[in-house]
Amino acid sequence: MTGTALVTGGQQGIGFGVARALIAAGYKVALASRSALDKPVVKAALAELGPNAIYVQHDVSDIDHVPALLDQIEADLGPITALINNAGVGAPVRGDMLDLKPENWDFVQNINLRGPFFLAQEVARRMLKQPQETYRSITFVTSVSATMVSIERAEYCVSKAAAAMMAQLFAVRMAPHGIGVFELRPGIIATEMTAGVRDKYTDRIEGGLVPAARWGEPEDIGSVVVPLVQGQMHFATGAAIPVDGGLSISRL
């Protein structure tokens with residue numbers, strides 16, 4: 001086996017696209033999300049991924065249980081060599097940012113920022129104990145919203161902008177130890193999170209919003225993750241990679 005990867009939010013959407021790509025590349029994969037093990041989406045994911053995948057129920061915002069999560073994965077699959085910090089939520093209510101409620105702000109920041117930071121922190125500590133010759137990596141899945149403004153979901157944009165800085169911080173801290181840290185910025189991807197705005201964005205994509213003239217798919221993200229975790233881009237640590245079909249390119 002190539003190594004062991006932990007993919008948060010890996011039971012569906014972008015996370016599942018990443019997990020499928022990693023399994024195909026020979027990795028053992030642990031999926032983690034707050035969904036119960038008996039949920040149909042979890043059962044379907046495990047059935048498709050096969051015997052080299054496991055599932056651990058974990059709410060990323062519950063930072064107190066991070067050590068137990070990692071202990072279980074290490075016991076079942078071995079030390080984690082790749083963390084894909086993917087789990088996230090959108091704005092609970094899209095609307096005027098002047099009406100944004102503090103509880104919605106806190107909900108998004110806890111899942112999109114606080115939880116991923118402390119998960120990456122504990123994974124990084126454990127990676128430092130692994131042999132230097134083993135390539136290790138941490139990948140943060142953020143969004144084009146790290147730099148592109150959507151005033152109807154301010155809390156989401158702020159969380160992704162802060163997550164972009166989080167990736168830079170970890171990249172500088174871990175670089176002397178040969179641990180690569182990367183940030184992926186997906187654009188408009190066809191997932192459960194975007195299902196509610198499918199018609200809106202389809203019209204805009206057809207109108208030229210995305211130069212590639214199509215929705216992104218979870219597999220588009222998975223295909224980028226594999227060379228990152230394999231160490232093929234190790235000297236590019238700290239890179240922020242748009243995976244958006246050209247959406248974030250400034251145009252006249």
Side-chain angles (χ1 to χ4, degrees), residues 2-10 14-15 17-19 21-22 25 27 29-30 32 60-61 63 66-67 69-70 73 79-88 108-148 156-187 189 220-244 248-249:
T2 305
T4 297
L6 166 58
V7 184
T8 62
I14 288 174
V18 169
L22 290 172
Y27 281 79
V29 175
V60 72
S61 66
I63 63 174
V66 166
L69 166 71
L70 302 184
I73 294 169
I80 295 168
T81 58
L83 167 64
I84 294 83
N85 238 331
N86 165 75
V108 172
Q109 306 311 320
N110 282 341
I111 295 174
N112 290 3
L113 190 61
R114 185 174 183 265
F117 180 91
F118 287 103
L119 174 59
Q121 180 191 70
E122 182 61 22
V123 170
R125 289 170 175 164
R126 297 185 185 212
M127 283 181 171
L128 290 175
K129 298 176 182 179
Q130 296 178 33
Q132 284 271 1
E133 59 269 20
T134 300
Y135 186 70
R136 298 139 294 161
S137 66
I138 298 172
T139 301
F140 293 90
V141 179
T142 63
S143 169
V144 293
S145 295
T147 58
M148 299 182 75
Y156 179 79
C157 293
V158 170
S159 74
K160 295 303 184 179
M165 175 55 71
M166 178 165 58
Q168 296 287 293
L169 290 163
F170 273 96
V172 171
R173 176 62 180 84
M174 306 312 291
H177 306 281
I179 298 172
V181 180
F182 306 95
E183 179 197 355
L184 299 184
R185 295 181 179 177
I189 310 298
D220 293 317
I221 316 300
S223 66
V224 176
V225 168
V226 171
L228 298 180
V229 303
Q230 289 176 332
Q232 296 180 43
M233 295 179 63
H234 63 93
F235 205 60
T237 189
I241 305 170
V243 193
D244 63 3
S248 59
I249 298 173

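Source: prediction; values computed, not measured.
Between Asp244 and Arg185, every side-chain heavy-atom pair lies at or beyond the 4.5 Å cut-off. Taking 4.5 Å as the limit, some side-chain heavy atom of Leu228 sits within range of a side-chain heavy atom of Leu184. Using a 4.5 Å heavy-atom cutoff, the side chains of Arg126 and Pro67 are in contact. Looking only at side-chain heavy atoms (C-beta outward), Lys160 and Tyr156 come within less than 4.5 Å of each other. In this structure, the side chains of Met174 and Leu128 come closer than 4.5 Å at one or more pairs of heavy atoms. Val18 is not listed as a side-chain neighbour of Asn86, based on a closest heavy-atom distance of 4.5 Å or more. In this structure, the side chains of Leu119 and Leu69 come closer than 4.5 Å at one or more pairs of heavy atoms. Contact annotation: the side chain of Val66 never approaches that of Gln121 to less than 4.5 Å [non-hydrogen atoms, C-beta and beyond].
The two residues Met127 and Ser137 come nearest to each other via the heavy atoms CE-O, 3.3 Å. The two residues Gly187 and Val144 come nearest to each other via the heavy atoms CA-CG1, 3.8 Å. The two residues Ile84 and Ala5 come nearest to each other via the heavy atoms CD1-CB, 4.2 Å. The minimum heavy-atom distance linking Val7 with Gly15 is given by the pair CG1-O, 3.6 Å. Annotation for Ala161 and Ala146: closest pair CB-O, 3.5 Å, computed over non-hydrogen atoms. Minimum interatomic distance between Leu6 and Ala32 (heavy atoms only, all atoms of both residues): CD1-CB, 3.9 Å.
Side-chain atoms of Thr237 never come within 3.5 Å of backbone atoms of His234 as a donor-acceptor pair (strictly under, hydrogens ignored). Ser159 places no side-chain N or O within donor-acceptor distance of the main-chain N or O of Gln109, the cut-off being under 3.5 Å. Side-chain N or O atoms of Gln168 include none that pairs as donor or acceptor with a backbone N or O of Ala240 at under 3.5 Å. Checked by atom type and distance alone, the side chain of Tyr27 never pairs as donor or acceptor with a backbone atom of Ala82 at under 3.5 Å.
Between Phe140 and Phe170, the ring planes lie tilted relative to each other; the angle falls in the 30° to 60° range.
Going from atom CD1 of Ile80 over to atom CG of Leu70 covers 4.5 Å, rounded to the nearest 0.5 Å. To the nearest 0.5 Å, the span separating OG1 on Thr4 from CZ on Arg136 amounts to 14.0 Å. To the nearest 0.5 angstrom, Asn85 atom CG is 9.0 Å from Thr139 atom OG1. One distance of note links CD of Gln130 with NE2 of His177; it measures 13.0 Å at 0.5 Å rounding. For the atom pair CZ of Phe118 and CG of Leu113, the computed distance is 9.5 Å after rounding to the nearest 0.5 Å. In this structure, Ile189 CD1 and Ile14 CD1 are separated by 5.0 Å, a value rounded to the nearest 0.5 Å.
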